[in-house]
Amino acid sequence: MTYSGEVKVGGPADVHELKDLMITKIAVGPMDNNAYLLRCRATDEQLLIDAANDARTLLGMIGDDGIASVVTTHRHGDHWQALAEVAAATGARTYAGREDAAGIPVPTEVLVDDGDVIRVGQVELTARHLVGHTPGSIALVYDDPHGHPHVFTGDCLFPGGVGNTHKDPKAFASLIHDVETKIFEVLPDETWVYPGHGNDTTLGAERPHLPEWHARGW
């Protein structure tokens, strides 16, 4: 079936099958968070992005193969409610942005900086540090050698704009700068965007609206 990226809490997951990587998206919790399970097709190693909520559902999605690692995109509580339980059940290594790790009440084993590579089996994800929604938010870029890139943006980029900067002009300026220079300027329009909440988008769909975002300041 064709992947749409449209998922609802309590509903089924959606699976995006790439040549080297399987991406399973599911929605969990009262804030309709997205969690993403990445599986290397060559090794079957798995990585979870944001153990946001509902550990039972996440562990059911993970299955008996477990996960090697779990990455938390940022320190806001709705993105790590199930982290302690998932990490304890799977023994997964925990990753988070260096500047946000202190705000996550589960110890971060690997502190992530801009440009760091996180591996799941033979697949490489490159971290991009995007400052503004939180000090240590990270996005993960998978540059598919067989197609277009894929980027997991946490709460830094959504359909229709960047993440919430709480009407702080300096935070908005920082976030829009980082999203433009580290995402839009270096990745093509075909890049698929997987956000922390809601539906997916592409950079091509969002790029024409960047001047509007600048003008409105959020």
Between CG on residue Leu21 and CG on residue Leu38, distance to nearest 0.5 Å: 4.5 Å
Neighbour count above 12 (heavy atom, 6.0 Å) for Arg207 CZ: yes
Sequence-distant partners of His129, ring pair (Phe, Tyr, Trp, His ring centres under 6.0 Å), two or more places apart: none
Closest non-hydrogen atom pair between Ile62 and Leu48, with its separation: CD1-CD2, 4.3 Å
Any side-chain heavy-atom pair of His150 and Leu18 under 4.5 Å: yes
Co-membership, hydrophobic cluster, residues Leu140 and Val123, 4.5 Å side-chain: yes
Rounded distance (nearest 0.5 Å) linking atom OG of Ser69 with atom CD of Gln46: 10.0 Å
Plane angle bin for Phe172 and His214 - parallel if under 30°, tilted between 30 and 60°, otherwise perpendicular: perpendicular
His177 atom NE2: more than 12 heavy-atom contacts under 6.0 Å: no
From CA spacing to verdict: side-chain contact (heavy atoms from CB on, under 4.5 Å), Thr90, Leu59: CA-CA 9 Å; Thr90 62; Leu59 290 169; 3.8 Å; yes
Leu47 reachable from Leu37 in the ILVMFWY side-chain graph, under 4.5 Å edges: no
Cluster overlap Val193 with Met22, hydrophobic side-chain contacts below 4.5 Å: no
Thr202 side chain reached by Asp189 side chain, heavy atoms, under 4.5 Å: no
CD1-OG1 distance between Ile183 and Thr153, expressed to the nearest 0.5 angstrom: 8.0 Å
Shortest non-hydrogen contact from Leu111 toward Arg98: CD1-NH1, 3.4 Å
Residue pair Phe184, Leu210: steps toward the side-chain contact (heavy atoms from CB on, under 4.5 Å) verdict: CA-CA 10 Å; Phe184 281 98; Leu210 282 166; 4.0 Å; yes
Check against side-chain contact (heavy atoms from CB on, under 4.5 Å), Asp65 and Arg39: CA-CA 10 Å; Asp65 289 342; Arg39 185 182 187 98; 2.5 Å; yes
Flag if over 12 foreign heavy atoms under 6.0 Å of CH2, Trp213: yes
same_hphob_cluster(Ile67, Leu83) at 4.5 Å side-chain heavy-atom cutoff: yes
Glu45/Arg119 under salt bridge (Lys or Arg N to Asp or Glu O under 4.0 Å): CA gap, chis, key distance, verdict: CA-CA 10 Å; Glu45 184 171 290; Arg119 292 175 175 83; over 6 Å; no
Non-hydrogen side-chain atoms of Glu85 and Leu58 separated by less than 4.5 Å: no
Heavy-atom side-chain contact between Arg75 and Pro135 under 4.5 Å: yes
Distance in Å, Ile23 CD1 paired with Glu17 CD, rounded so as to fall on 0.5 Å steps: 10.5 Å
Heavy-atom pair of closest approach, residues Gly154 and Thr73: CA-OG1, 3.7 Å
Pairs touching residues 157-171 that satisfy side chain to side chain donor-acceptor pair (under 3.5 Å), sequence neighbours left out: none
Which atom of Asn199 lies closest to which atom of Pro159, heavy atoms considered: O-CG, 3.3 Å
Minimum-distance pair of heavy atoms, taken over all atoms of Ala127 and Asp113: CB-O, 3.9 Å
side-chain contact (heavy atoms from CB on, under 4.5 Å) between Lys25 and Asp200, intermediate numbers included: CA-CA 10 Å; Lys25 176 181 181 178; Asp200 300 353; 2.6 Å; yes
Test side chain to side chain donor-acceptor pair (under 3.5 Å) applied to His79 and Asp155, Thr72, Asp100, the passing residue: Asp155
Side chain to side chain, Gln81 and Asn33, heavy atoms closer than 4.5 Å: no
Side-chain touch Asp143/Thr126, heavy atoms, less than 4.5 angstrom: no
Side-chain heavy-atom pair Ile138, Val71 within 4.5 angstrom cut-off: yes
From Tyr36 atom OH to Tyr194 atom OH, the distance as rounded to the nearest 0.5 Å: 8.0 Å
Gap between atom CD of Glu180 and atom CD1 of Ile176 - 0.5 Å precision: 5.0 Å
Cluster check Val141, Val110: I/L/V/M/F/W/Y, side chain < 4.5 angstrom: no
Arg41 vs Asp20 side-chain heavy atoms within contact, under 4.5 Å: no
Residues that Phe158 engages under ring pair (Phe, Tyr, Trp, His ring centres under 6.0 Å), provided they are two or more places apart: none
Shortest non-hydrogen contact from Ala96 toward Ile104: CB-CD1, 3.6 Å
Trace of the side-chain hydrogen bond (donor to acceptor under 3.5 Å, both in side chains) decision for Asp14 with Ser4: CA-CA 7 Å; Asp14 199 5; Ser4 70; 3.2 Å; yes
Aromatic ring pairing His148/Trp192, orientation class (parallel under 30°, perpendicular over 60°, tilted between): parallel
Short side-chain donor-acceptor distance under 3.5 Å, Asp116 and Tyr95: no
Mutual orientation of the aromatic rings belonging to His76 and His74 [parallel < 30°, tilted 30-60°, perpendicular > 60°]: perpendicular
